[in-house]
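Working notes, beginning with the structure itself.
Both ligands and their constituent atoms are indexed starting at 1 by order of listing.
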Amino acid sequence: MKTRAALAFEAKKPLEIVELDLEGPRAGEVLVEIKATGICHTDAYTLSGMDSEGLFPSVLGHEGAGVVVEVGAGVTSVKPGDHVIPLYTPECRQCKSCLSRKTNLCTAIRGTQGNGVMPDGASRFSYKGQTVYHYMGCSTFSNFTVLPEIAVAKVREDAPFDKICYIGCGVTTGVGAVINTAKVEPGANCIVFGLGGIGLNVIQGLRLVGADMIVGVDLNPDRKAWGERFGMTHFVNPAEVTGDLVAHLVELTGGGADYTFDATGNTTVMRQALEACHRGWGESIIIGVAEAGKEIATRPFQLVTGRVWKGTAFGGARGRTDVPKIVDWYMSGKIEIDPMITHILPLEQINEAFDLMHHGESIRSVVVF
Ligand code: NAD
Ligand code: 022
Ligand code: ZN
């Protein structure tokens, strides 16, 4: 079949809207009509050419929602008409990692996904006879895409696609980091570094679990109002702090935070987040993805005295199990999404969504097909 898509021909070039050829689903796969997709940092990072694992030409996009139109042989968990969210972290429920119950990093299709192909080693996309690669196992910048059955979460049908697509990455990452990775308890004092599309979801996750202090840290003064909108209790702009930022935060939280979160991807901030934790028990969760080759540093003393450094992928969420629940939380008003979606654009304007993100003008832009 043919599908309209935004194609990344090569790094550093704008996406081009083209008609691609798409093969139907093979055994264990589903064909999904994507209805909406968010634009996230990692799409821009790959397009920038700095991602050493980036493949071109490819169909980027990993934050989508849509409808199953066809299923391949042996597919039992979804059927045509089902509403789904693609998962860049799949959940096979059979690999060592899934069975361990200790991680959400399913390994069933990890190798082929990283190589931009389906589990049988081939791509379903092509353009004028040339192979076009899949991206993060999702490729949501295409009106139709093929996904492994284990990489789709079936969700309720009354949820709006142009909002729940954000649950495919940003919402689940931020809220999940609080609930699954940090397991923040009511009354905790917390600091969130970076109040963008991820950090604001950390903040609303902290509000949801009943945190006491929710301190937001951002260099962009416009982000103070955004943080307050979702439950932030204190704002710190590092540019306005005289003296050491960490000392200021430790003072503000009465000895350091119980939990801190890096949602910037900046390795200097990651160190500040660890060192702003309370001696003896504070835990710092790295959410931000740093540029390839970057390293983090701290004195071992920080860890010897009981601070804990952790990281999280997709908020520690098991996609097929947890994503439908987060959709329910949105539909029942436990979490908000609508105000964070600052821009809705047609596919033809997808490059403008990248510009808005680079200029810090958007929290999330969503393309609707
Ligand atoms: P964003 O650009 O919307 O927000 C980042 C915020 O950090 C901005 O408000 C910016 O002003 C602020 N900031 C930048 N430098 C700062 C500094 N030195 N001190 C304080 N604030 C600073 O980005 P986002 O969409 O929220 O994503 C944040 C990070 O999370 C990215 O690195 C992204 O790749 C990563 N991410 C990780 C996962 C995961 O599973 N681990 C999933 C999604 C996104
Ligand atoms: C999503 N991310 C950033 C912005 N939006 C993001 C990027 C990478 C990861 C998670 C979220 C991530 C963390 C750990 C891994 N990845 C490795 C997982 C593993 O090895 O099992 C990651 C993921 C997918 C891909 C690359 C790295 C990919 O499909 N190419 C989950
Ligand atoms: Zn993302």
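Shortest contact from atom 29 (O) of ligand 2 to any protein heavy atom: Gln113 NE2, 2.9 Å. Looking only at protein heavy atoms, the nearest one to atom 10 (C) of ligand 2 is Tyr88 CE1, 3.9 Å. Atom 9 (C) of ligand 2 has its closest protein heavy atom at Ala313 CB, 4.6 Å. Closest to atom 2 (N) of ligand 2, if we only count protein heavy atoms, is Thr42 CG2, 4.0 Å. Of the protein's non-hydrogen atoms, Val289 CG2, 4.3 Å is the one closest to atom 8 (C) of ligand 2. With hydrogens left out, the protein atom closest to atom 28 (C) of ligand 2 is Met136 CG, 3.8 Å, a heavy atom.
The shortest side-chain heavy-atom distance between Ile341 and Asp162 does not fall under the 4.5 Å cut-off. For the pair Val171 and Tyr330, the minimum side-chain heavy-atom distance is 4.5 Å or more. Inter-residue side-chain proximity for Asn143 and Glu33 is flagged as met; some heavy-atom pair is nearer than 4.5 Å. Using a 4.5 Å heavy-atom cutoff, the side chains of Met331 and Pro160 are in contact. Looking only at side-chain heavy atoms (C-beta outward), Ile39 and Phe141 come within less than 4.5 Å of each other.
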List of N/O pairs, ligand 1 versus protein, all under 3.5 Å?
{"unit_1": "ligand 1", "atom_1": "2 (O)", "unit_2": "His41", "atom_2": "NE2", "d": "2.8"}
{"unit_1": "ligand 1", "atom_1": "3 (O)", "unit_2": "Gly197", "atom_2": "N", "d": "3.3"}
{"unit_1": "ligand 1", "atom_1": "9 (O)", "unit_2": "Asp218", "atom_2": "OD1", "d": "3.4"}
{"unit_1": "ligand 1", "atom_1": "9 (O)", "unit_2": "Asp218", "atom_2": "OD2", "d": "2.6"}
{"unit_1": "ligand 1", "atom_1": "9 (O)", "unit_2": "Arg223", "atom_2": "NH1", "d": "2.9"}
{"unit_1": "ligand 1", "atom_1": "11 (O)", "unit_2": "Asp218", "atom_2": "OD1", "d": "2.6"}
{"unit_1": "ligand 1", "atom_1": "23 (O)", "unit_2": "His41", "atom_2": "NE2", "d": "3.1"}
{"unit_1": "ligand 1", "atom_1": "26 (O)", "unit_2": "Gly197", "atom_2": "N", "d": "3.0"}
{"unit_1": "ligand 1", "atom_1": "26 (O)", "unit_2": "Ile198", "atom_2": "N", "d": "2.8"}
{"unit_1": "ligand 1", "atom_1": "32 (O)", "unit_2": "Val289", "atom_2": "N", "d": "3.1"}
{"unit_1": "ligand 1", "atom_1": "40 (O)", "unit_2": "Phe314", "atom_2": "N", "d": "2.7"}
{"unit_1": "ligand 1", "atom_1": "41 (N)", "unit_2": "Ile287", "atom_2": "O", "d": "2.8"}
{"unit_1": "ligand 1", "atom_1": "41 (N)", "unit_2": "Thr312", "atom_2": "O", "d": "2.8"}

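With distances taken over non-hydrogen atoms, the option nearest atom 25 (C) of ligand 2 out of Arg110, His62, His134 is Arg110.
The nearest protein heavy atom to atom 17 (C) of ligand 2 is closer than 4.0 Å. Remark: atom 20 (O) of ligand 2 lies closer than 4.0 Å to at least one protein heavy atom.
In terms of heavy-atom proximity, Phe193 sits nearest to Ala276 at CZ-CB, 4.5 Å.
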Could you pull out all donor-acceptor pairs under 3.5 Å where a side-chain atom in residues 10-17 meets a protein atom, sequence neighbours excluded?
{"unit_1": "Glu10", "atom_1": "OE2", "unit_2": "Lys13", "atom_2": "NZ", "d": "3.3"}

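Of all protein N/O/S atoms, those lying under 2.8 Å from the Zn ion (ligand 3) come to 3.
Residue pairs satisfying the ring-ring contact (aromatic ring centres under 6.0 Å, His included) criterion with at least one member in residues 244-278, sequence neighbours excluded, are listed as follows: His278-Trp281.
If you number the atoms of ligand 2 from 1 as listed, the ones under 4.0 Å from a heavy atom of Cys40 come out as 4 (C), 5 (N). Near Cys169, meaning under 4.0 Å from any of its heavy atoms, are these atoms of ligand 2: 1 (C), 5 (N).
The aromatic rings of His134 and Phe125 are tilted relative to each other, their planes meeting at an angle between 30° and 60°. Note on ring orientation: taking the six-membered ring where Trp is involved, the planes of His358 and Phe354 are tilted (angle from 30° to 60°).
Taking CE of Met213 as the start and CD1 of Ile191 as the end, the distance is 8.0 Å to the nearest 0.5 Å. Put simply, OG1 on Thr267 and CD on Glu295 are 9.0 Å apart, with the number rounded to the nearest 0.5 Å.
Side-chain atoms of Asp51 do not come within 3.5 Å of backbone N or O of Leu47 as any donor-acceptor pair.
Among Val215, Leu195, Val217, the single residue meeting the side-chain contact (heavy atoms from CB on, under 4.5 Å) criterion with Phe235 is Leu195.
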>> One pair to check against salt bridge (charged side-chain N to carboxylate O under 4.0 Å, His left out): Arg93 and Glu91. What are the steps and the verdict?
In response: CA-CA 6 Å; Arg93 298 172 175 164; Glu91 183 188 353; 3.1 Å; yes
